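Only one structure is covered here, and it is reproduced in the block below.
Treat the numbers as computed from the prediction; the structure is a model and nothing was measured. By convention in this document, chain letters (A, B, ...) are assigned in the order of the sequence lines, proteins followed by strands, and residues within each chain are numbered from 1.
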Protein chains: 2
Amino acid sequence: MTKSRTNSLDFLSGLELMIDSYQGKEQIFGVNPNPAILRLSCEEGCVKVIEMARRLGVTADTVRFYTRIKILKPGKNKANGYREYSEKDYNRLRFVLSARQLGFSVEDIQEILNHADKKKSPCPTVRRLIDQRLNETEQRFAETLQLRERMQQAVVEWSQKPDKVPTGHMICHLIEEFSQ
Amino acid sequence: MTKSRTNSLDFLSGLELMIDSYQGKEQIFGVNPNPAILRLSCEEGCVKVIEMARRLGVTADTVRFYTRIKILKPGKNKANGYREYSEKDYNRLRFVLSARQLGFSVEDIQEILNHADKKKSPCPTVRRLIDQRLNETEQRFAETLQLRERMQQAVVEWSQKPDKVPTGHMICHLIEEFSQ
DNA sequence: CTTACACCTGTGTCCAAGACACAGGTCAAG
DNA sequence: CTTGACCTGTGTCTTGGACACAGGTGTAAG
């Protein structure tokens, strides 16, 4: 139950509130196979998109995005069509955000969730994917490092050089004479 | 949030800007200083898209892309509609590729070229833009560095941990117990 | 009751720099 | 004549949302 709640702040107190108020219905909500009762508890425990977003420190657009691509599957209030995000959606979204922080793509996350939804361990997939993504990140890191150095050197070199008007075969001498 | 892979830095990969590795037959591009003769010689000296691409070490799609957005303005062979890239286009594209290597966006480059085309010095613009882009690159660099460290630490930590099957409130303990 | 306003819905489009696909035209060799 | 390599312009795809839009809903104030 105790989580790494290190990376987010005030919406986590909201989380505790929500989980606590939900405590008494745990049997009904997650475990009880009767969908009628499940829906019943939703009326009290579920939240709308903005509240969901606020609790996890993202925008409503982000919540809608993950809903659109069916990572989140909130119910719908029959009366007005509003989405109803449950604790399960909350946990799922929190998971998604954690995974994104670790460099997983949304597609990766879908794959991971597919395993978990089938009650299979997603861990082997997770290990495979992070190796892959880490390689790419190393690659990107090296490229960004090089680009940064190149740009820094350009700024230094150019500070010694004058402005010039373009000629027939030279558009900008700063850029074109920069060797590296 | 982590913008990870989406920061297309791909243009940096592998290409050392192999511009003048071509020593071939026609000495026309890059050697003849007289633009009038060059323009005149277009019927003979101009090249088609693939040859242009080859000379600068990029794909034909890249040449077409810059043509499409009107950074390159090759003529058209009236007989068959084929594009005819002149030495001016060659110089322009070489400039574009150099500028891309320094982190300028295509939009930046259009702005720079607009100045140059009006015979104004693009240098003040260039200096302003590189400051801006360098800032962004520093930012991206810091983010990539952090992401990389986070991922590396995850791999290390996870190597000590077992696989687990998901439970009601835990999708993947590796990801969800990872604190940082 | 009306009105204002904040919230909600789904859908479509945008971003960057090309890469890729596609339908159709051109050209030289065999 | 056919094959195959090349050419054309245009449209769509990529990421992870952000933003726009048209229209419906809920609520408090006047």
Side-chain angles (χ1 to χ4, degrees), chain A residues 46-54 56-85 93 96-110 133 136-137 140 143-144 147, chain B residues 1-15 46-54 56-85 93 96-97 99-111 129 133 136-137 140 143-144 147:
Chain A
C46 289
V47 297
K48 282 177 276 190
V49 63
I50 278 219
E51 177 61 13
M52 182 71 167
R54 198 193 56 74
L56 285 164
V58 296
T59 68
D61 270 321
T62 299
V63 177
R64 287 210 191 88
F65 171 69
Y66 288 113
T67 306
R68 203 202 296 223
I69 65 174
K70 299 190 168 71
I71 277 187
L72 303 181
K73 293 153 191 159
K76 254 186 165 183
N77 183 320
K78 258 93 185 185
N80 56 19
Y82 287 14
R83 292 299 198 167
E84 295 179 326
Y85 292 90
L93 182 52
V96 168
L97 298 176
S98 301
R100 296 277 306 123
Q101 288 270 344
L102 280 166
F104 293 99
S105 72
V106 170
E107 205 180 343
D108 293 343
I109 293 168
Q110 277 171 323
R133 297 307 177 200
E136 297 167 8
T137 300
R140 250 172 359 90
E143 285 165 8
T144 308
L147 175 61
Chain B
M1 178 142 299
T2 42
K3 281 209 153 189
S4 42
R5 271 168 309 288
T6 59
N7 295 329
S8 153
L9 242 42
D10 302 346
F11 63 91
L12 294 165
S13 60
L15 65 102
C46 287
V47 297
K48 283 177 276 190
V49 63
I50 279 219
E51 176 62 13
M52 181 71 168
R54 198 191 57 72
L56 285 164
V58 296
T59 68
D61 271 322
T62 299
V63 176
R64 286 210 191 87
F65 171 69
Y66 288 113
T67 306
R68 202 198 303 221
I69 65 174
K70 300 191 168 71
I71 277 187
L72 302 181
K73 293 154 192 160
K76 255 185 165 183
N77 182 321
K78 258 93 183 184
N80 57 19
Y82 286 14
R83 294 298 199 169
E84 295 178 326
Y85 293 89
L93 181 52
V96 168
L97 298 175
R100 296 278 305 123
Q101 288 263 356
L102 279 167
F104 293 99
S105 72
V106 170
E107 206 180 340
D108 292 344
I109 294 168
Q110 278 172 321
E111 188 180 344
L129 287 172
R133 296 306 175 201
E136 296 166 11
T137 300
R140 258 208 345 268
E143 283 165 11
T144 309
L147 174 63

query = Would you say C:dT9 has OP1 or OP2 under 4.0 Å from some side-chain N or O of A:N80?
reply = no
task = Please list, chain by chain and in numerical order, all residues satisfying side-chain contact (heavy atoms from CB on, under 4.5 Å) with B:R83, sequence neighbours excluded.
result = B:T67, B:P74, B:K76, B:Y85
message = Counting only heavy atoms from other residues, nucleotides and ligands, does the tally under 6.0 Å from CD of B:E107 exceed 12?
response = no
key: Straight-line distance of A:Y66 OH to A:Q110 CD, nearest 0.5 Å   = 9.5 Å
Just the table, please: protein N/O against nucleotides 13-15 of chain C N/O, every pair under 3.5 Å.
none

key: Which atom of B:L147 lies closest to which atom of A:Q101, heavy atoms considered   = CD1-O, 3.4 Å
key: d(CE, B:M52; C1', D:dC7) in whole Å   = 16 Å
query = Of all the nucleotides listed (D:dG17, C:dA17, D:dT15), which has the minimum atom distance to the side chain of A:E107?
reply = D:dT15
task = For B:E136, check salt bridge (charged side-chain N to carboxylate O under 4.0 Å, His left out) against everything at least two apart and list the hits.
result = B:R133
request  = May I ask you to test the B:M52-B:V58 pair for a side-chain heavy-atom distance under 4.5 Å?
outcome  = no
query = B:I71 has an atom CD1; how far is it from atom C1' of C:dA17, in whole Å?
reply = 11 Å
note = Per-helix bend value, the helix from C:dC1-D:dG30 to C:dG30-D:dC1, C1' rotation axes over five pairs per end, 10° rounding, shows 30°
request  = Kindly point out which of C:dA17, C:dA19, D:dA18 is positioned nearest to the side chain of B:S105?
outcome  = C:dA17
request  = Grab the CZ-C1' distance between A:R133 and D:dG16 for me, whole Å please.
outcome  = 13 Å
ask   = For the pair made of OH in B:Y66 and P in C:dA16, what is the distance, rounded to whole Å?
value = 13 Å
ask   = Hey, what do you get for OG1 (A:T137) to CD (B:E143), rounding to the nearest 0.5 Å?
value = 12.5 Å
query = Taking CD1 from B:I69 and P from C:dA16, how many angstroms apart are they, rounded to a whole number?
reply = 11 Å
key: Distance, nearest 0.5 Å, that separates CD1 of A:I109 from CD1 of A:I69   = 8.5 Å
Residues which pass side-chain contact (heavy atoms from CB on, under 4.5 Å) with A:I50, listed by chain and number, not counting sequence neighbours = A:A60
Nearest-angstrom distance from the residue atom CD of A:E84 to P of C:dT9 = 10 Å
query = Can you check the B:Y85 OH to D:dC7 C1' distance for me, whole Å?
reply = 10 Å
task = For B:T62, enumerate each residue passing the side chain to side chain donor-acceptor pair (under 3.5 Å) test, keeping only those at least two apart in sequence or located in another chain.
result = B:T59
remark   = What one should report as the nearest heavy-atom pair of A:L72 and A:L93 is CD2-N, 4.0 Å
message = What's B:D61 touching, base or sugar-phosphate or nothing? Going by heavy atoms closer than 4.0 Å.
response = base
inquiry  = Salt bridge check, B:E51 against B:R54: does any charged N sit closer than 4.0 Å to a carboxylate O?
reply    = yes
inquiry  = If I take atom NZ in residue B:K76 and atom P in nucleotide C:dT26, what distance separates them, rounded to the nearest angstrom?
reply    = 12 Å
Mind listing the N/O atom pairs, protein and nucleotides 1-8 of chain C, below 3.5 Å?
from, atom 1, to, atom 2, distance (Å)
C:dC8, OP1, A:I50, N, 3.3

request  = Indicate whether OP1 or OP2 belonging to C:dA19 is found under 4.0 Å from a side-chain N or O atom of B:T62.
outcome  = yes
